[in-house]
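Data first, discussion second: the structure below is written as structure tokens.
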Amino acid sequence: MTVNYNAGLFLTDCLQAALEQARHVIVVDNASSDSSLVELEKRFPAEHRLQIIRLDKNVGFAAGCNIGLKAATTPFILFLNPDCMLTPGAVVRLMQVMEADSRVGMVGGQLLNSDGSEQGGSRRAIPTPWRSLVRAIGLHRLAKYWPRLFFDFHLHHQPLPEKPIEVEAISGALMLVRREAIEEVGAWDEGYFLHCEDLDWCMRFRQKGWKILFAPEVQVLHYKGVCSQARPIFVAWHKHRGMVRFYQKFFRDQYPGILMWLVTVGIWVRFGAVVAFHTISHLGSLSGLRRG
């Protein structure tokens with residue numbers, strides 16, 4: 001299942017690989033304004049396994065996933081970003097890992113950059129307020145001196161395990177999920193528009209006792225940010241808003257108020273820096289065009 005928003009030809013290429021491995025593919029389109037659906041229908045004019053659900057407005061990633069979830073009928077659902085390219089046999093291997101243990105609720109694979117390096121979202125430690133504060137003030141750089149203290153920072157820089165391992169979280173870009181677990185945990189939280197909804201779901205799965213596994217042998221090329229690069233400030237707003245929601249939802253009663261306040265302030269300061277960066281970059285581009 002894929003939620004699309006202006007992914008262009010990436011959507012077509014993604015589903016070409018997906019249709020080679022899946023029996024039914026659902027695309028929920030968040031009112032795209034590009035030609036992605038036109039190109040998709042041109043490539044697969046009579047593909048009965050492909051179901052396209054067109055929305056009249058952009059409802060966000062979580063809500064889009066829930067719409068697709070309601071349309072799906074299988075006991076296992078693969079959530080796949082339109083900018084991800086499955087390698088041959090990826091779905092079969094994810095299913096094998098899932099079915100080896102009835103308490104596994106989610107399985108993800110190794111998300112790769114175009115240069116072959118592993119992305120940080122593949123295997124994740126939940127960004128608790130303490131971990132976020134450590135990152136913000138740069139203490140995680142001391143990991144080379146005290147590796148045991150900071151072992152869970154930047155897991156993607158650690159050696160790959162030889163077999164699937166349990167992790168705290170995986171990325172919503174590639175997520176095979178057991179329907180039985182969803183029925184117990186609940187659907188995606190639509191209070192998130194974009195970003196952090198996958199962390200939220202992982203938290204809730206673990207709270208209900210469901211395992212989340214990272215399968216290193218499943219490699220998927222992920223062209224990160226394809227659907228969001230045209231509106232960086234809009235995306236940054238929802239990302240930082242989602243971070244605040246995530247922390248308030250899960251950690252408000254576990255951490256001192258002053259720490260939660262510092263984390264919240266840090267999030268919005270970071271958002272301000274992101275806005276300033278993109279504004280300066282945009283003005284620089286305009287200035288260059290005028291001189292040209």
Side-chain angles (χ1 to χ4, degrees), residues 1-22 24-32 34 36-37 39-40 43 50-53 55 58-69 71-72 76-88 90-91 93-94 106-114 116-124 156 169-177 187-190 192-202 212 214-215 218-232 234-236 238-239 242:
M1 199 217 75
T2 295
V3 175
N4 176 59
Y5 179 73
N6 293 340
L9 290 174
F10 282 97
L11 175 66
T12 302
D13 293 340
C14 169
L15 296 192
Q16 174 74 62
L19 284 165
E20 293 173 0
Q21 304 185 47
H24 184 211
V25 175
I26 298 170
V27 177
V28 178
D29 185 73
N30 261 329
S32 293
D34 69 348
S36 53
L37 291 188
E39 296 297 333
L40 183 64
R43 177 80 68 90
L50 177 60
Q51 178 182 357
I52 301 175
I53 301 174
L55 305 182
N58 187 349
V59 298
F61 181 75
C65 285
N66 285 341
I67 290 170
L69 185 57
F76 303 98
I77 301 98
L78 178 67
F79 294 91
L80 182 70
N81 273 17
D83 53 5
C84 284
M85 304 299 155
L86 292 172
T87 51
V91 175
R93 182 54 187 149
L94 289 173
M106 282 185 191
V107 182
Q110 187 184 174
L111 299 174
L112 301 177
N113 295 304
S114 56
S117 60
E118 182 183 342
Q119 293 179 0
S122 300
R123 38 177 169 158
R124 310 162 81 175
H156 61 293
I170 56 177
S171 171
L174 175 70
M175 185 181 277
L176 180 66
V177 187
W188 297 76
D189 183 346
E190 297 182 14
Y192 300 92
F193 186 86
L194 187 65
H195 288 293
C196 295
E197 62 282 293
D198 51 357
L199 288 173
D200 179 291
W201 221 20
C202 289
I212 300 171
F214 164 68
V218 177
Q219 297 183 328
V220 174
L221 189 61
H222 182 206
Y223 297 96
K224 197 172 181 179
V226 165
C227 296
S228 58
Q229 59 188 1
R231 298 191 293 172
F234 172 85
V235 171
H238 284 290
K239 179 177 182 178

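Start at 1 with the first residue, then count along the sequence. Note: hydrogens, waters and symmetry copies are ignored here, and every other heavy atom, side chains too, is used.
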Using a 4.5 Å cut-off on heavy atoms from C-beta on, say whether the side chain of [Y] contacts that of [X].
| X | Y | answer |
| --- | --- | --- |
| L86 | L174 | yes |
| L78 | Q21 | no |
| T12 | F10 | no |
| V3 | V27 | no |
| I26 | I53 | yes |
| L176 | F79 | no |
| V235 | H195 | yes |
| I170 | M175 | yes |

Review point. Between N113 and H222, is any side-chain donor less than 3.5 angstrom from a side-chain acceptor?
Key: no

Review point. Cut-off 3.5 Å, side chains only: do N4 and S32 have a donor facing an acceptor?
Key: yes

Review point. Who pairs with D13 by salt bridge (Lys or Arg N to Asp or Glu O under 4.0 Å), at least two apart in sequence or on another chain?
Key: R43

Rounded distance [0.5 Å steps], [atom1] in [X] versus [atom2] in [Y]:
| X | Y | atom1 | atom2 | answer |
| --- | --- | --- | --- | --- |
| S114 | M85 | OG | CE | 12.0 Å |
| Q16 | L40 | CD | CG | 10.0 Å |
| L15 | S36 | CG | OG | 10.0 Å |
| M106 | I212 | CE | CD1 | 5.0 Å |
| L194 | Y5 | CG | OH | 10.5 Å |
| C65 | D189 | SG | CG | 12.0 Å |

Check your understanding: For the ring pair W201 and Y192, is the centre-to-centre distance below 6.0 Å?
Key -> no

Exercise for review: Report yes if the distance between the aromatic ring centroids of F193 and F61 is under 6.0 Å, otherwise no.
Suggested key: no

Between [X] (side chain only) and [Y] (backbone N and O only), is there a donor and an acceptor less than 3.5 Å apart?
| X | Y | value |
| --- | --- | --- |
| D198 | G172 | yes |
| N66 | A187 | no |
| N58 | G60 | yes |

Check your understanding: Closest heavy-atom contact between G109 and S122?
Key -> O-CB, 3.7 Å

Exercise for review: Could you check S171 against L111 for side-chain contact (heavy atoms from CB on, under 4.5 Å), going step by step and ending with a plain yes or no?
Suggested key: CA-CA 9 Å; S171 171; L111 299 174; 3.6 Å; yes

Exercise for review: Given side-chain contact (heavy atoms from CB on, under 4.5 Å), test V220 with L112 step by step and report yes or no.
Suggested key: CA-CA 6 Å; V220 174; L112 301 177; over 6 Å; no

Practice item. Apply side-chain hydrogen bond (donor to acceptor under 3.5 Å, both in side chains) to T87 and list each qualifying residue two or more places apart in sequence or on a separate chain. Key: none

Check your understanding: Going through the distances and angles, do L199 and R124 end up as a side-chain contact (heavy atoms from CB on, under 4.5 Å)?
Key -> CA-CA 9 Å; L199 288 173; R124 310 162 81 175; 3.7 Å; yes

Review point. Stepwise, does the side-chain contact (heavy atoms from CB on, under 4.5 Å) test hold for R123 with E118?
Key: CA-CA 10 Å; R123 38 177 169 158; E118 182 183 342; 2.9 Å; yes

